[in-house]
Undergrad: 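Take a look at the following structure, please.
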Number of protein chains: 2
Amino acid sequence: MVTARQLAQLCGVSVATVSRVFNRPATVSAATREHVERVARELDYSPNESARALSRQRSAMVGLVWDTDHRRPSWRHPFLQDLLLGLKSALSSHGYHLLMLATSDDGRSRTPGASLADPVAYVNMTRRHQLAGLVLIDSGTDADAFSVFAHSGLPCVALDVALSGPRATYVTSDNAAGAAEAVRHLAALGHRRIATITGPRGNAPATARTEGYLRGLAEADLPVRDDLMVTGDFYRESGFVRMRRLLARKEPPTAVFAASDEMAVGALLAARAAGLRVPGDVAVVGFDDIEVASLVDPALTTVAQDKRGFGTAAAGALLTMLDGDETPPPVRLPTKLVIRDSCGSRR
Amino acid sequence: MVTARQLAQLCGVSVATVSRVFNRPATVSAATREHVERVARELDYSPNESARALSRQRSAMVGLVWDTDHRRPSWRHPFLQDLLLGLKSALSSHGYHLLMLATSDDGRSRTPGASLADPVAYVNMTRRHQLAGLVLIDSGTDADAFSVFAHSGLPCVALDVALSGPRATYVTSDNAAGAAEAVRHLAALGHRRIATITGPRGNAPATARTEGYLRGLAEADLPVRDDLMVTGDFYRESGFVRMRRLLARKEPPTAVFAASDEMAVGALLAARAAGLRVPGDVAVVGFDDIEVASLVDPALTTVAQDKRGFGTAAAGALLTMLDGDETPPPVRLPTKLVIRDSCGSRR
DNA sequence: CTGAAAGCGCTTACAG
DNA sequence: CTGAAAGCGCTTACAG
């Protein structure tokens, strides 16, 4: 492996000049710059990142905090894959790489109620590796733990968690607008009793979707009915159970807006178990547009999130903090209603 | 941020001693070791990884090569999430972290036919960051590109690709055994014309599954019939198209083994489109046990892979190479036949 | 525009 | 068992 010193010797310049060629090319004369660049290419030279990080006091890596509660093995992010893809390609085009942080506590026991294995251990990792910034993925539970990061001073961008701090921002879908659109669509199809199965209390996207549901009802001049609002937890099982409860009401809904596709699928199964046809007897709309949505029968009408856009937007926000001094405002990604068969609007 | 020097001063020892306490505790007297450890804990000291990597010529990071062809945006790993989870928790318990490698070419155009954005660029990253090892995730296409890594000399473990080299090994499911079991199961249910929709040619797991299919037929004393073997590409659409073709045969199959759940779902849809009932008119079995499998109707009988085990096994193999000198043999993970409704064996 | 020198924070033979 | 010293490969004021 060739070093800057060797390259410098070969070129008849000092290591300082070599360094400048790669870091502030403008400060080097065109002739020597081109010469160094050419030889570097020939020797396949590239700077040692450890040395670089050490002297700069900052690495070219961004930490990814994605902590899953192992007591709940079923937990899954609805679209982690697209998110990572978006993140890594956007970051790499600016020379940054993603370091997946894990504490040694990972996979072990943790204090009940702790939403993160150990925020302090993560912050520690951050210092050890001299990370340039942090991407925080909502672990689905208590988001307060994230504030530790937001206050650590380094650039942070959270996904689906309202993070605030001097150098912290976040990206999320426009959950309220998406939910409202879904409800309006159902109302336009003639439904008057539109129920909702919400996400867990305290979860920001869940709250926003409920808000959107209410807004959608209002816009369609429909009354809010407490008996048509039930609380789920985003997972399929809760969709099943809550749907069963809704269907047992005196006046059951003719349409249901579930705050996640997982729950919508559960609702579909519950309707079938109750001998009802979807969308004939009851219409169902979900949220997310995960892969399953198009595979179930009937195919699920749902509010699609811009999955790849999440990663790109997060990377974008982070990069403006890394390269500049300003903290970008929160990003709210537009959603899109994908109409399939479960809402009955197709002929 | 406190450094080793500061810690040393506080403890009245040299930095060399501080370093030894953290790296070869056995070479330090118990008294000074405990003293240094205590003070270190009080000051929340932890060594700077960049400095460490620089002087050791090797970082505590493992690179993850997961290159997806962006020309094919639909490509997805059947269980990336579990895999990453398994990897990161196993690695972190030994102090290693995962660095998601990306070349700046990511998301841009690439040479047609190139299976990896640029293997050389990845190897380059590997040197720059002084990575301790590499985890290679099959990108679903030409696996030859991986040999560049295997020959780079550093510890490599590939997933689902037969990688060989001085310090290279791989982990995969026992695809043949799993497929054979699925076929035997169908035969035991009385099926005589069992078809298969294979994965793409040249793909190792696909080949092994086909092999298992043939073995299963042999074990059940069933003849191999060319008209009952069609080639898919692991994706749903191909399952749909190939199933339609199978159903159009003179003597259509009464059961189909699809080499992936995605294709099995496609097959399910094709059967339905043809007015056939599953499993009444034709039985279907898949492979993978992805989330969708239990959500479709009828729920899919499938060969489950040990998703979390993949990550753990890969990390294990890598760790023995990182900490020792031996190269572990390939790992073949057992599969498990999960019987649901699509094969008709349940009453 | 360029070079000499100090420094980033560790680890590791080498002496003692 | 411990310390002094060299070295890992860069970057960055500071002079010139």
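These numbers come from the heavy atoms of this one structure, side chains and all, not from hydrogens, waters or symmetry mates. A quick note: this is a predicted structure, and the numbers were derived from the prediction, not measured. Chain letters run A, B, ... following the sequence lines, proteins first, then strands; residues in each count from 1.
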Undergrad: Could you check B/L99, B/L84, B/V62 and say which one makes a side-chain contact (heavy atoms from CB on, under 4.5 Å) with A/M100?
TA: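 Among the candidates, only B/L84 passes.
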Undergrad: Nearest-Å distance, CZ (A/R127) to C1' (C/dC8)?
TA: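 These atoms are roughly 16 Å apart.
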Undergrad: Please check this pair: side chain of A/S19 against backbone of A/V15, looking for a donor-acceptor N/O pair closer than 3.5 Å.
TA: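 No: the side chain of A/S19 does not pair with the backbone of A/V15.
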Undergrad: Is the B/F146-B/Y170 ring centre distance short of 6.0 angstrom?
TA: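 Here the rings of B/Y170 and B/F146 have centres that are no less than 6.0 Å from each other.
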Undergrad: Has B/T27 got a side-chain N or O lying under 4.0 Å from the OP1 or OP2 atom of D/dT2?
TA: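 No, B/T27 has no side-chain N/O under 4.0 Å of OP1/OP2 on D/dT2.
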Undergrad: Does atom CG of A/D325 have more than 12 heavy-atom neighbours from other groups under 6.0 Å away?
TA: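 Open: at most 12 neighbouring heavy atoms sit under 6.0 Å from CG of A/D325.
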Undergrad: Using a 4.0 Å heavy-atom cut-off, write out nucleotides 9-16 of chain C from 5' to 3' as B (base contacted by protein), S (sugar-phosphate only) or - (no contact).
TA: BBBBB---
Undergrad: List for me each residue that meets ring pair (Phe, Tyr, Trp, His ring centres under 6.0 Å) alongside A/F310, sequence neighbours excluded, and say none if there are none.
TA: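 A/F310 satisfies ring pair (Phe, Tyr, Trp, His ring centres under 6.0 Å) with A/F79 once adjacent residues are dropped.
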Undergrad: Would you call A/E34 and A/R38 a salt bridge, taking side-chain N to carboxylate O under 4.0 Å as the test?
TA: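 Not counted as a salt bridge, because no side-chain N and carboxylate O are separated by less than 4.0 Å.
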Undergrad: Are the side chain of A/S59 and the backbone of A/A53 linked by a donor-acceptor contact shorter than 3.5 Å?
TA: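 Not at all, since once roles are kept as given, no pair shorter than 3.5 Å links the two residues.
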Undergrad: A/V331 and side-chain contact (heavy atoms from CB on, under 4.5 Å): which single residue from A/T172, A/V157, A/V171 fits?
TA: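 Single pass found, and it is A/V171.
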Undergrad: Can you run through DNA chain D from 5' to 3' and write each base as (, ), [, ], | or . depending on how it pairs? Watson-Crick or G-U wobble, both distances under 3.5 Å.
TA: |||.||||||||.|||
